[in-house]
Number of protein chains: 2
Amino acid sequence: MNDCSTKPLDLAMLRLACQNCSLHELCLPVGIHQEDVARLDEIIRRKRPLARGDHVYRLGDEFRAVYAIRAGSVKTYAMTETGGEQIIGFYLPGEIIGLDAIHSGMHPSSAKSLETTSICEIPFSQLEELASAIPTLARQLVRIMSREIHSDDELLTLLGKKSAEERLASLLMSLSSRLQQRGFSAREFHLSMSRNDIGNYLGLAVETVSRLFTRFQQIGLVTVNNKHIRIDNLDALREMAGIVGGGACGEKIRTGST
Amino acid sequence: MNDCSTKPLDLAMLRLACQNCSLHELCLPVGIHQEDVARLDEIIRRKRPLARGDHVYRLGDEFRAVYAIRAGSVKTYAMTETGGEQIIGFYLPGEIIGLDAIHSGMHPSSAKSLETTSICEIPFSQLEELASAIPTLARQLVRIMSREIHSDDELLTLLGKKSAEERLASLLMSLSSRLQQRGFSAREFHLSMSRNDIGNYLGLAVETVSRLFTRFQQIGLVTVNNKHIRIDNLDALREMAGIVGGGACGEKIRTGST
DNA sequence: CGTTCAGTTGATGACCTTCAACTTGCGTGG
DNA sequence: CCACGCAAGTTGAAGGTCATCAACTGAACG
């Protein structure tokens, strides 16, 4: 596996490493000077792989760093007073978590590994320092946060308006396209989260999720085998998901103002 | 009314102006040098007040600026293929819109005035330039975006999990506390959006919203008079809203993993 | 080989949407 | 100034979607 904390000296190797590493967005596409890439690399701490169930951070922890996922997957969630989890997001390789903690200096959510997962820790004070020295880095950070806002907005739309069917289809489409962006298969992947997690995230009962998987399989949309899923009809699934992911039809406006 | 585009010379006046202006977050609390505040002020364009129904920007518009709301209110929404609106957020004085457009360079949503509204336009390329010259400004921008992510996450939780009752209670609590932060009354305010907008936003039918207002009034939570609302029992409303706003009990975990 | 927990499937019912009729508020024109 | 007409909001009845309760199956583990 590639390693973000390779000696900062060997730049060629570093670039290669970070291309498959989640941080490549933060450095490679913006034409940062080579020495700047090395500086960025210096502040990044590669942590030992996390086992399933390990926490990256917990609600209430002091905010010190953001984290990029290099391999595996993570769920973020808020705890409710009664001890229940409310899942806020699933994060895949190439994505950054902890951005919601910047403004208050404290993590408003927890992040837990869903499988064996390796992450890079990016101490935020150093990132900010570096960003003020490298404007393109600052820009890239703002751009990443903007995308996070936009994707939250999309999800928000999804949860506010869509039927159970549309929600699950949207989740699958989202996972599919995000995995594809990172060079994984768009049509066949592993669901690292439990049915319970999916239900929690989508605002549905576990039983509903289960029934939906069954129905999706019956109508030839997907083939499900426990945690393994293969998408057999991507177009139909996209259509079922509605606006999310672009290019949808057959959507059902239930409370629209038109 | 205070005016953000006052001559940048008179700094005392400027600070006073921006204190009541939505932009004070961007400059005042971070101890920016006086001349820097003036520079920030220079790039801000105060636009003429918008009438109800006017657009700040439309979906698909090229991204050139973010906008701070000085007075009035705005809704942001995405259009669905069939022409229906999906409302993403309601924005009040002191809040910034357009942040979701940064990463793609194009507005992924539209913003429409809900009443007579005045806004400040902040050209983004100039803001970025200025931010690279003034690190504290860059930090403040990142902080504001972080808060936007966090509040989206809260709303996301809300829509995914809560009953109609909890949703409306949460919206009212959110409006109340946001208005209070800006020096308005927390207990009595004007609902600038229609029932239709509220329903659309919360993922509920108009009729449901109407019934809920009626029920809330019957049990002494609020007094509603068309668009005017007075909150009579803030604690009970907070409790009904659940985790949002802190300090909730009687919550109902319907799909929790515990 | 039994225990345990995640996942599946079925039956019932609650909540909220939908459809429909009615009321209220408000701007326009007689 | 009042009357009309339309849009927004309210209220009632019926039906659908999804949660809940319960039983069962299958996989992982000691």
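If you're wondering where the values come from, they're calculated on a predicted model, not measured in any experiment. Note: hydrogens, waters and symmetry copies are ignored here, and every other heavy atom, side chains too, is used. Chain letters run A, B, ... following the sequence lines, proteins first and then strands; every chain starts at 1.
Remark: P of dC15(C) and CZ of Arg167(B) are 14 Å apart, rounded to the nearest angstrom. We find that CG of Asn200(B) is positioned 15 Å from C1' of dT17(C), with the value rounded to whole Å. Straight-line distance from the CG atom of Leu159(B) to the C1' atom of dC16(C): 15 Å, rounded to whole Å. Regarding Arg215(B), its CZ atom lies at a distance of 17 Å from the C1' atom of dG9(D), rounded to whole Å. In this structure, the CG atom of Leu191(A) is 11 Å from the P atom of dT8(C), given to the nearest Å. Atoms CG (Asn196(B)) and P (dT17(C)) sit 13 Å apart, rounded to a whole Å. Atom CD1 in Ile198(A) sits about 9 Å away from atom P in dT8(C), given to the nearest Å. The CE-P distance, from Met193(B) to dG9(D), rounds to 12 Å in whole Å.
Formation of a donor-acceptor pair under 3.5 Å by the Ser110(B) side chain with backbone atoms of Leu59(B) is found in this model. Within the 3.5 Å criterion, the main-chain N or O of Glu121(B) finds no donor-acceptor partner in the side chain of Arg46(B). Counting only distance, with no hydrogens or angles, the side chain of Asn233(A) and the backbone of Ala236(A) share a donor-acceptor pair below 3.5 Å.
Arg195(B) has no carboxylate O lying under 4.0 Å from a charged side-chain N of Asp197(B), or vice versa, which leaves the two without a salt bridge.
Ring geometry for His107(A) against Tyr57(A) counts as parallel: the plane angle stays under 30°, on a 0 to 90° scale with 60° as the upper cut.
In this structure, a donor-acceptor pair under 3.5 Å is present between the side chains of Arg178(A) and Ser174(A). Neither side chain, Thr76(A) nor Ser109(A), offers a donor N or O lying under 3.5 Å from an acceptor on the other.
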So Ser176(B) and Arg187(B), side-chain contact (heavy atoms from CB on, under 4.5 Å) or not? Walk me through it. CA-CA 7 Å; Ser176(B) 166; Arg187(B) 320 192 119 251; over 6 Å; no
For a quick check, with a 4.0 angstrom heavy-atom cut-off, what is the B/S/- contact string for nucleotides 21-30 of chain D, read 5' to 3'? B---------
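Of the residues in residues 217-225 of chain B, not one places a heavy atom less than 4.0 Å from an atom of DNA chain C.
Taking every side-chain heavy atom of Ala164(A) into account, dC18(D) is the closest of dT17(C), dG9(D), dC18(D).
Residues meeting the side chain to side chain contact (heavy atoms under 4.5 Å, CB included) test with Asp54(B), sequence neighbours left out: Leu50(B), Ala51(B).
For Lys227(B), no side-chain nitrogen or oxygen approaches OP1 or OP2 of dA8(D) to under 4.0 Å. Within the structure, a side-chain polar atom (N or O) of Thr208(B) is placed less than 4.0 Å from OP1 or OP2 of dT17(C). In terms of phosphate contacts, Ser194(A) brings no side-chain nitrogen or oxygen within less than 4.0 Å of OP1 or OP2 of dA6(C). The side chain of Thr214(B) places an N or O atom within less than 4.0 Å of a non-bridging phosphate oxygen (OP1 or OP2) of dT11(D).
When the C1' atoms of four end pairs are superposed on the next four at each end of the helix from dC1(C)-dG30(D) to dG30(C)-dC1(D), using five pairs per end, the two resulting axes differ in direction by 30°, to 10°.
The list of salt bridge (Lys or Arg N to Asp or Glu O under 4.0 Å) pairs with a residue in residues 202-219 of chain A, not counting sequence neighbours, reads Glu165(A)-Arg215(A). Here ring-ring contact (aromatic ring centres under 6.0 Å, His included) pairs that include residues 149-174 of chain B, with residues two or more places apart or in two chains, are His103(A)-His150(B).
Aromatic rings from Phe189(A) and Phe184(A) are positioned such that their centres are separated by 6.0 Å or more.
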